[in-house]
Amino acid sequence: MWPNYCKLHILCWVLAVLAILALVHNFYQLENLDDARLKWLIEDDDQQSPSQVTKIPRKLFCGYEHQALSKREQWEEESLFAAIEWPTPPADKIPFVRSTDSSHSNFVILNTHSHFKVGDQLEVLVHVKDYEGKPKQYGGDYLQTRIHSAHLKAGAIGRVVDYQNGSYRAFFTLLWPGEVIVSVSLVHPSEGVQILQRLREERPDRVFFKSLFKSGRISETTVCNVCLPGNMPVCNFTDLYTGEPWFCYKPRKLSCATRINHYKGGYEKGLLTSEERRFFQSNVNIKVPIPSSGPDTVIVRPLEHAEMDSLERSSSTDVFPSGYYYQDEWQPRAQWIRHFNKSSDITECLQGKLIHLFGDSTIRQWFEYLTAFVPDLMELNLGSPKNVGPFVSVDPKHNILLKFRCHGPPIRFSIVFSNELHYIANELNRIVGGKNTVIAISIWSHFSTFPVEVYIRRLRNIRRSVVRLLDRSPKTRVIIRTANVQELGPEVSLFNSDWYSYQLDTIMRKMFSGIGVYLVDAWEMSLAHYLPHKLHPEDIIVKNQLDAFLSFVCPLETHYSFLRGIHNQMWSLLV
């Protein structure tokens, strides 16, 4: 029996040695695989599911190209594209000298001899010409227009109609008495807009992002984006609940589960040819004034007291313009506004409230302004990266909790930890809601470099969550902060042009209409103001945005006599 036992024991040892040798051999083979074969490997361990690594079978992997849309969503998308359709030049390449020149162009005020009074319409005709002084025969220029009175700190924007023959007409509503000046600016010539359209479709990777992957002493950094060029293996970080696509090139040595952060990598250079760069020149064809060929001012008479009844405040939310400045205070035309000039008024309004601010740095300004202006609001130190968040301020005495959290990728912030990359739709799904819950959202700027399908998908997810929230908690207040204009130069125009923002803003307004949310019109507030345009507007503009926001949170009494009293007081200032 003993010899049989020894034979069995020796056999087991031999098999074990052979198994070890085979394992070592396989490991050696894996270590020496060339890059062409290594990219086909798919890791499968306890921390990572096989679906996290995806091979890209085509030049670009863009999640927006693989959306399965319902018939209603398809119809909506078609109508949104129709709403932002923009006239294009008759040829792909127009010589610079044939493009729009603001110095040769001009505008004229129609009916300058008319006797204008508050509430009247003012029309302005704009004729654009090229650098040879020849009238252009097609449209597509992006113009911004406003009326203003510097001594009254008053301003409002105009609506532009493109006749697509080199002529434009701007319409203004005269909303205050006195001398009113008209201003028309060329933001981009149509030839520049054509280039912006091409970049949006063909170079969605022109802003790139990165993530750090780390395990022990090993760390690797790879490029991330909605669209990744090439045919390399990627980590698929598509959100499981919203389906929002996001990918990073797979690290060579580490698994996808070791990602620890996200940050802006940078901006691609050399996007334009030398000829194309001529269409983006500061003080030449980016936000330059178009002169008037005659008077650029009109005198507006105040209304008589008996005429006030004919100028009732509109009950429609699509009234244009949505408001105007007077004495540096924003006056909406479709809502009654309160001006919260004292911190105690804000405290009284927000008492007992939980306020969630979601989005980008333009709504982070609201958090910063409120925390600085209201002395009882104390910011808690959460150890969050500066300007990134999340941030929390509390007022225990008045039971106020104010929170800010940035939206999920794409977001061009400095380092954001991976576990802080939260999608707004998912955050809304976690909120119970109620009469003491207030939600404000701003999401636009970081989507300007992507095809609009990416933005539509994001808004569709957010809208779905908003509708669910309002369905379960109808008294929840949901406010959307719109986009705003900003300073532009040759480089900024290629990534964050006002034209991009205007198109996204148009989409957002249409998608969120009719579902019970409120809009703070940051677009008009920034364009109508006399201060220079900035991505992050000055405090006086932020203050007016917050006045509108807080007026939605704490609306005025609705008793008719009370409203009429406020109405008469306001207009008495103008008479």
Side-chain angles (χ1 to χ4, degrees), residues 207 209-212 224 237 239 241-242 244 246 259-265 346 350 353-396 400-431 437-448 458-459 461-462 465-466 469 477-484 486 496 520 522 534-537 539 542-543 545-546 549-550 553:
V207 174
F209 306 85
K210 291 186 175 182
S211 277
L212 174 66
C224 308
F237 294 113
D239 185 67
Y241 298 98
T242 62
E244 292 288 349
W246 192 252
R259 182 177 67 149
I260 64 172
N261 66 27
H262 161 96
Y263 59 96
K264 181 184 72 177
I346 297 178
L350 297 182
K353 298 285 193 300
L354 170 58
I355 305 100
H356 298 271
L357 306 179
F358 295 117
D360 52 37
S361 56
T362 61
I363 205 166
R364 188 186 69 222
Q365 281 189 282
W366 289 13
F367 177 92
E368 294 165 346
Y369 184 95
L370 289 171
T371 301
F373 186 70
V374 181
D376 290 334
L377 270 175
M378 299 175 294
E379 184 175 354
L380 301 181
N381 185 357
L382 302 180
S384 301
K386 184 180 179 181
N387 298 333
V388 174
F391 301 126
V392 173
S393 288
V394 296
D395 176 357
I400 301 172
L401 179 58
L402 175 66
K403 305 170 72 176
F404 164 79
R405 178 176 289 279
C406 69
H407 64 71
I411 191 157
R412 301 175 210 158
F413 280 3
S414 54
I415 296 173
V416 184
F417 295 114
S418 299
N419 61 352
E420 296 293 354
L421 290 172
H422 296 194
Y423 289 95
I424 294 176
N426 291 338
E427 291 297 300
L428 294 175
N429 290 337
R430 298 185 184 103
I431 294 174
T437 301
V438 181
I439 294 164
I441 300 169
S442 177
I443 180 167
W444 54 280
S445 178
H446 300 259
F447 289 80
S448 59
R458 185 63 58 91
L459 292 191
N461 280 317
I462 294 173
S465 295
V466 167
L469 173 59
R477 294 277 177 173
V478 180
I479 296 102
I480 308 291
R481 181 202 184 279
T482 74
N484 58 260
Q486 64 170 299
N496 260 50
V520 171
K534 287 187 176 182
L535 174 61
H536 301 111
D539 279 354
V542 175
K543 190 265 183 191
Q545 293 173 5
L546 283 167
F549 164 72
L550 293 168
V553 178

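Given the structure is predicted, the values throughout are model-derived calculations rather than measurements.
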For this session: Just jot down the side-chain hydrogen bond (donor to acceptor under 3.5 Å, both in side chains) partners of Asn496, sequence neighbours excluded, or say none.
Result: Arg412, Ser445, Ser448
Problem set entry | Cys224: partners by disulfide (SG to SG under 2.5 Å), with sequence neighbours left out | Cys248
Exercise. Using 30° and 60° as the class limits, which term best fits the ring planes of His407 and Phe447: parallel, tilted or perpendicular?
Worked result: tilted
Exercise. Under a 4.5 Å cut-off applied to non-hydrogen side-chain atoms, are Ile441 and Ile363 in contact?
Worked result: no
Problem set entry | Close side-chain approach of Trp246 to Asp239, heavy-atom, < 4.5 Å | no
For this session: Could you pull out all residues at least two apart from Phe549 that satisfy ring-ring contact (aromatic ring centres under 6.0 Å, His included)?
Result: Trp366
Problem set entry | Partner set under ring-ring contact (aromatic ring centres under 6.0 Å, His included) for Phe373, not counting sequence neighbours | Tyr369
Exercise. Under the side-chain hydrogen bond (donor to acceptor under 3.5 Å, both in side chains) test, which residues partner Ser442, sequence neighbours left out?
Worked result: Asp360, Thr362, Trp444
For this session: Can you run down the side-chain hydrogen bond (donor to acceptor under 3.5 Å, both in side chains) pairs that involve residues 384-393, sequence neighbours left out, and say none if there aren't any?
Result: Thr371-Ser393
Problem set entry | Residue Asn381 excluded, over 12 heavy atoms near CG under 6.0 Å | no
Seminar exercise, completed: For His422, the ring-ring contact (aromatic ring centres under 6.0 Å, His included) test, sequence neighbours excluded, returns none
Problem set entry | Partner set under ring-ring contact (aromatic ring centres under 6.0 Å, His included) for Phe367, not counting sequence neighbours | Phe391
Exercise. Who are the salt bridge (Lys or Arg N to Asp or Glu O under 4.0 Å) partners of Lys543, not counting sequence neighbours?
Worked result: Asp547
For this session: Check side-chain hydrogen bond (donor to acceptor under 3.5 Å, both in side chains) between Arg364 and all other residues, then give those that pass, not counting sequence neighbours.
Result: Glu368
Problem set entry | By side-chain hydrogen bond (donor to acceptor under 3.5 Å, both in side chains) - contacts of Arg458 (at least two apart) | Glu244
Exercise. What is the distance from atom CG of Asn429 to atom OH of Tyr423, rounded to the nearest 0.5 Å?
Worked result: 14.5 Å
